[in-house]
Structures are given as structure tokens and as C-alpha cells.
Amino acid sequence: MSSEKALTIALPKGRLQKKIQELFAKKGVNINFEDRKLVAYDDDMKYKFILVKNADLPTYVNYGIAGIGVCGTDVIYESGFDFYKPLTFSFGGTTMCLAGTKGENNWKEERPLRVSSKFTEFTRDYYNQLGIPVEIVKLNGSVELGPVLGLTPYIVDLVETGSTLKANNLEVFEKLKDIKVKMICNPAYYKVHYERINELVEFLKEEA
Amino acid sequence: MEFIVEQDTRLLRNPQGTEGLLLEEAYCHLKTVNRIEDIFLSWGYLPSKTPAFDYYDVYKDYLSQNKELFRLFDRDGDLMVLRSDITLFLAKQLGMSLCDADLPVRIFYGDTILRHQGKTDISKNEFFQIGAELVGVPGMRGDAEVLALMTEVLDNIGVDYYCHIGSRAFYDLAVEGLDEEQKESAAFWIRSREYTKVVELLGSVMDAARADAIGQLFACIGDSAHFASLLESLKGKLSSAQAKALEYLVELMELTSKLDAAARFRLDLSEIGQRSYYTGISFSVYADGADSAVASGGRYDRLLEQYGFSSPSTGFSILLRKLEQLKGCEPIKQDAVEVNDEDPAEALKKAAEIRKKGRIAIL
């Protein structure tokens with residue numbers, strides 16, 4: 001009975017976009033964003049894909065602009081919004097870490113802990129729960145510059161291969177949390193379209 | 001600080017989350033409210049008005065989400081709360097004034113509530129809640145009446161919607177053995193549809209087979225037939241009270257199966273009620289295109305007794321502006337006559353005569 005309008009799915013620009021398109025392609029669904037366009041349909045018009053900035057993806061899904069999205073648990077947490085997360089993907093996982101200048105690992109003693117990060121909500125909540133006073137400087141990118149330029153001695157950031165840290169003479173001091181890539185759904189959108197969304201989840205499930 | 005405009009117009013803006021409604025949009029809203037009120041009246045419901053604010057302490061047990069409330073101190077230093085939930089405010093008024101001889105009471109309302117929705121730009125803090133309450137009719141008959149009334153209103157508004165019905169009663173039975181903190185976690189996981197976590201939590205206080213059965217039931221969404229068949233296969237693993245609470249839902253669906261709106265009902269046990277005062281069925285309505293539930297309700301048999309009068313009660317409320325935004329506003333079609341007369345006194349007289357005949361006269 002739910003209308004056969006295309007399901008709207010938000011995809012993140014950046015490192016995850018290609019992996020997601022590959023997964024869909026493997027399952028026979030081609031996503032083709034023409035020439036700087038940010039909206040694309042699959043060949044059967046079953047899905048409408050929109051390409052958005054990673055950090056904004058939860059916002060679009062929260063307001064129902066896209067009913068479904070694919071993004072990391074890092075941006076989900078920062079957004080503060082509630083979603084259904086019916087599927088976890090095997091690709092794209094990273095680790096949220098505390099890092100700083102190589103050889104200067106004094107975070108257990110230095111108080112307050114002075115940290116630069118894009119992930120202010122996560123950082124604040126994480127250290128509050130441990131009872132560690134923390135001073136956070138919000139940066140929007142190239143967070144490694146924090147310790148390099150003397151803004152703060154420590155950073156909280158995503159680490160994948162660690163090559164960015166290494167190149168800037170930084171190292172991981174603590175692994176804080178595993179970050180996974182998940183499918184998110186606006187809860188109200190899910191309730192209206194649950195049959196087709198459940199089908200999509202089954203469709204995308206990767207073989208174990 | 002540099003100003004972008006020359007004049008200092010800082011006060012000429014609305015505080016975040018408030019809205020004004022003017023002219024055509026307000027007319028549209030008014031007409032919709034009138035139509036809905038006529039429906040309520042045709043079912044024998046009478047209107048009500050609740051105070052815009054009240055003592056916070058009276059409601060604090062049910063208003064656990066403090067950050068969504070607008071609170072203020074009155075001149076005596078008492079902490080007040082601005083009306084954030086009409087069901088609650090109305091319950092107190094009814095609790096204080098009803099007696100057995102009055103029952104059953106059919107009452108409706110339509111008014112603004114204030115709830116702080118959060119830090120973002122386009123969320124609203126002011127909502128118009130319209131709904132109804134049936135006091136003194138217990139069990140299935142009361143539940144069916146309220147569902148039928150609500151769906152008649154929604155059908156009249158004319159949006160594509162689904163009503164997801166769950167059972168707070170079943171949820172309370174399912175989490176009985178858990179402590180308060182675990183219950184909160186269970187509620188969170190159930191609402192988030194994270195069933196492995198629900199089963200894990202329940203498994204700490206019951207055998208694995210029962211925990212798994214309950215987990216499967218919380219995960220199920222579907223029409224009555226679909227739900228009934230799942231229940232049939234699992235009920236041996238439930239306690240008899242738990243099975244009964246679920247059979248109630250299936251029976252309720254049978255009772256309402258002849259309604260036009262029956263195809264829009266789904267059984268969905270993750271609907272455990274946003275407020276803690278629910279005791280029986282709890283339901284939410286979702287519309288295609290709305291980013292969150294547009295209506296909700298349920299049975300709350302022990303709410304009125306908190307305020308001085310014990311009586312079973314069931315009801316629903318609709319966030320009307322959300323539905324109006326989906327429907328949009330039709331241009332006003334008024335049967336209006338423009339009165340042109342050189343003599344203003346004549347014009348006034350002519351206009352009055354036109355109005356007496358039931359048409360609109362604009363000078």
C-alpha cells in the first residue's frame with residue numbers, strides 16, 4: 001500500500017562513496033552521478049541517491065530529506081540524532097583515537113587534557129564519563145596540525161592506516177572506540193516504508 | 001560588531017522555534033480545526049481548555065525529558081512549566097473535578113503546546129495539539145472508539161498514514177524482572193529496534209527461549225494476520241499474562257477490521273509509548289513525508305487517579321501543523337461580495353443585508 005516512490009538514500013562524499021557504489025554495483029544496482037550532479041537514480045528508478053557532505057548526512061536523514069543514509073558511527077554520534085541502524089557494513093571501519101606528538105605521551109598526567117578535534121560531542125562525552133576534565137578546541141579538518149603547530153598537545157581523530165599521523169610525527173596513544181559504517185533510517189520513514197527497507201537490507205547484506 | 005544592515009533590527013525576529021500564522025495559512029488552519037471539532041462534536045465529545053502553565057512539581061514524574069520543557073519561576077518563586085502535553089494538563093483538571101456520576105466523559109481539546117525540540121534551525125518549539133479523550137470506558141470498547149475517532153479525523157484531513165499499535169501492557173510484563181536502569185535501557189533498545197541487545201538484556205532475568213521469543217515479537221511489524229501467526233508460533237514460550245496482552249491486540253484488530261482505516265493499522269510492539277503513563281495499548285501514527293510521528297495515543301488507566309479521581313482513560317492527540325504542512329494550503333474560496341457605494345452609510349447598510357443572507361460582504 002505504501003507508494004512506489006523511489007526510496008531516498010543519502011550517500012557521503014569522500015572515501016566511503018566509492019565503496020558503497022561498489023557494493024551496490026556488485027548486487028546489480030548502478031549508481032551514476034553525472035558530471036557534478038548530486039542526485040542520481042538507479043536504472044529501475046527504485047532508489048534515489050543524493051550525494052551529501054559526510055558530516056551533514058545525519059541531518060538530511062533526520063529531516064526525512066533522505067529516508068535512508070550510509071555513514072560512519074562517528075558522524076552519527078556527533079549529530080545527536082536518533083536513527084534505526086539496521087545494517088553494519090564490513091568496509092570503511094576506522095578507530096577513534098587519542099594521539100599526540102611522538103614520544104610525548106603524558107595524557108594520563110596532564111590536566112586538564114587539552115585536545116583538538118572535529119568530534120567535540122564524542123570527545124566531551126568520552127572523557128566526562130571517565131571523569132577526566134578536558135578542554136576541547138574544535139577544528140574542522142587537518143586536525144594533526146593541532147600538536148604540530150602547538151594549539152593543543154593532543155588530538156582525538158579517526159585513524160585508519162596511521163600514515164597521516166606518522167607523516168606529522170604523531171602517534172596513537174589510546175584507542176577510544178571502533179567506528180563502523182552503518183545504514184541509518186529515519187524512524188518515521190522506516191515505519192512507513194519498512195517492507196521495502198527490510199528488502200533493501202536483505203539485498204545489501206554481505207556474505208559473511 | 002559589524003552589522004550587515006544599517007538599522008539595528010535585532011529584535012525583529014522570532015525566537016528560535018516559534019511561529020506566527022497569518023491570513024491564508026491561518027484561515028486554512030482554522031477551517032481544518034473547525035472540521036475536526038465538528039467531527040468530535042458529532043461523536044458526542046465536548047470541548048475543554050487547559051491552563052497555559054501550571055506547577056512543574058505536579059507533572060514532574062511524567063515529564064522526565066526536562067530539557068524539552070519551558071519552565072519559569074512565578075512571582076512567588078514557584079517553578080512553573082508551560083503546557084507541554086495536553087493529556088497531562090487535562091488529566092489534572094479532570095482528576096480534580098470529575099466524580100463517578102459524570103462518567104463516561106468524552107472530551108476534546110485543541111491548543112498550543114511548547115516543547116523545546118533542540119538546537120537545530122528548522123525545528124519548531126510550538127506545536128498545535130488536537131485530540132480527544134474517553135474517560136470511564138475500559139478495555140476494548142474504549143480503545144476501539146478512540147482508534148475509530150482518530151482515523152475518521154485523519155481520513156478527513158486526507159493524508160497517507162499508518163497507525164502502528166503496540167502494547168505498553170506487554171512491555172511492562174516483558175521487563176518486569178529488570179531494575180529501573182535496565183528498564184530504561186530495554187526501552188531504548190526496543191525503540192531503536194536493536195533486538196540482539198533487547199534479547200541479551202532480557203536473558204539476564206529469564207530463560208533464553210523466552211527472551212528470544214519476546215525479542216522476535218518486539219521486532220515484528222505487520223498486519224494482524226502476520227502478527228497473529230507469529231504469536232501463535234511463539235506463545236508457548238511466553239507467560240500467560242504476556243500472551244494474553246498480545247492476544248488482546250489481535251482481538252482489537254478484529255473488532256476494528258470493518259473500519260475504512262483498518263488497512264492502515266499495523267501491529268508493532270516497538271510502540272511502547274513515549275510517555276510513562278500508558279498502561280494498555282500505545283500507538284503512533286506516521287505519514288508519508290513527515291519526519292516524525294504525526295499523532296500518538298493509548299490507554300492510561302492510572303493517570304487520572306494521580307490527580308484525585310480514579311478512572312480508566314484512553315485518548316489520542318494529533319500534531320496538526322505537521323499534517324497541514326504535508327497537505328499544503330488551498331487558496332481561499334469565499335463566497336464574497338464587494339460592496340461599492342459612494343455613500344459610506346449606505347455601504348454599511350448594504351453590507352449588513354448581504355451578510356444576513358449568509359454571504360461575505362467586503363467594504
Side-chain angles (χ1 to χ4, degrees), chain A residues 1-8 10 48 55-69 73 75-88 120-121 124-125 129 138 180 182-202 205 208, chain B residues 65 67 117-124 159-166 187-197 218-223 226-227 260-272 274 283-296 319 322-323 325-326:
Chain A
M1 194 193 207
S2 63
S3 65
E4 285 308 299
K5 277 198 305 217
L7 291 181
T8 46
K48 177 180 177 185
D56 294 339
L57 196 146
T59 302
Y60 284 98
V61 177
N62 182 62
Y63 290 110
I65 305 302
I68 303 166
T73 50
V75 300
I76 298 171
Y77 192 93
E78 281 308 295
S79 75
F81 297 131
D82 283 319
F83 301 112
Y84 292 156
K85 304 185 201 82
L87 190 56
T88 305
T120 52
E121 299 292 312
R124 191 190 53 226
D125 290 347
Q129 281 174 26
K138 179 161 175 75
K180 303 239 187 300
K182 297 201 177 207
M183 176 192 285
I184 58 173
C185 282
N186 175 292
Y189 188 87
Y190 179 83
K191 299 257 176 169
V192 174
H193 301 285
Y194 72 94
E195 282 158 320
R196 295 171 67 203
I197 296 177
N198 287 345
E199 264 172 37
L200 177 64
V201 168
E202 283 307 304
K205 265 196 181 138
Chain B
Q65 296 287 82
K67 27 185 194 163
Q117 289 291 90
K119 43 200 165 163
T120 46
D121 294 343
I122 70 176
S123 67
K124 289 271 173 272
V159 286
D160 187 16
Y161 68 92
Y162 297 95
C163 179
H164 283 233
I165 303 168
F188 179 77
W189 296 129
I190 290 166
R191 290 195 184 107
S192 311
R193 311 189 76 78
E194 302 259 9
Y195 297 105
T196 39
K197 298 233 161 66
F218 275 124
C220 172
I221 304 181
D223 61 22
H226 176 82
F227 182 83
D260 285 340
R264 299 188 179 277
F265 291 152
R266 292 161 172 174
L267 291 178
D268 176 357
L269 296 181
S270 71
E271 295 292 344
I272 59 177
Q274 285 302 322
F283 53 85
S284 293
V285 178
Y286 303 94
D288 197 4
D291 65 357
S292 51
V294 297
S296 62
L319 291 174
K322 285 194 187 202
L323 292 173
Q325 273 150 15
L326 286 177

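Worth saying up front: this structure is predicted, and the values here are computed from it rather than measured. Chain letters run A, B, ... following the sequence lines, proteins first, then strands; residues in each count from 1.
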Any side-chain heavy-atom pair of A:K5 and B:D288 under 4.5 Å: yes
Gap between atom NE2 of A:H193 and atom OH of B:Y286 - 0.5 Å precision: 13.5 Å
Neighbour count >12 (heavy atoms, 6.0 Å) for atom OH, A:Y60: no
Interatomic distance, A:K191 atom NZ to B:S292 atom OG [nearest 0.5 angstrom]: 12.5 Å
Interface moiety of B:F188 toward chain A, non-hydrogen atoms closer than 4.5 Å: side chain
Exercise: identify the closest heavy-atom pair between A:A188 and B:A290: CB-O, 3.8 Å
Spacing of OG belonging to B:S270 relative to OH belonging to A:Y190, to within rounding of 0.5 Å: 8.5 Å
Over all atoms of both residues, closest heavy-atom pair of A:N62 and B:D291: O-CB, 3.7 Å
Between B:H164, B:R191, B:R193, the one whose heavy-atom pairs under 4.5 Å with chain A are most numerous: B:R193
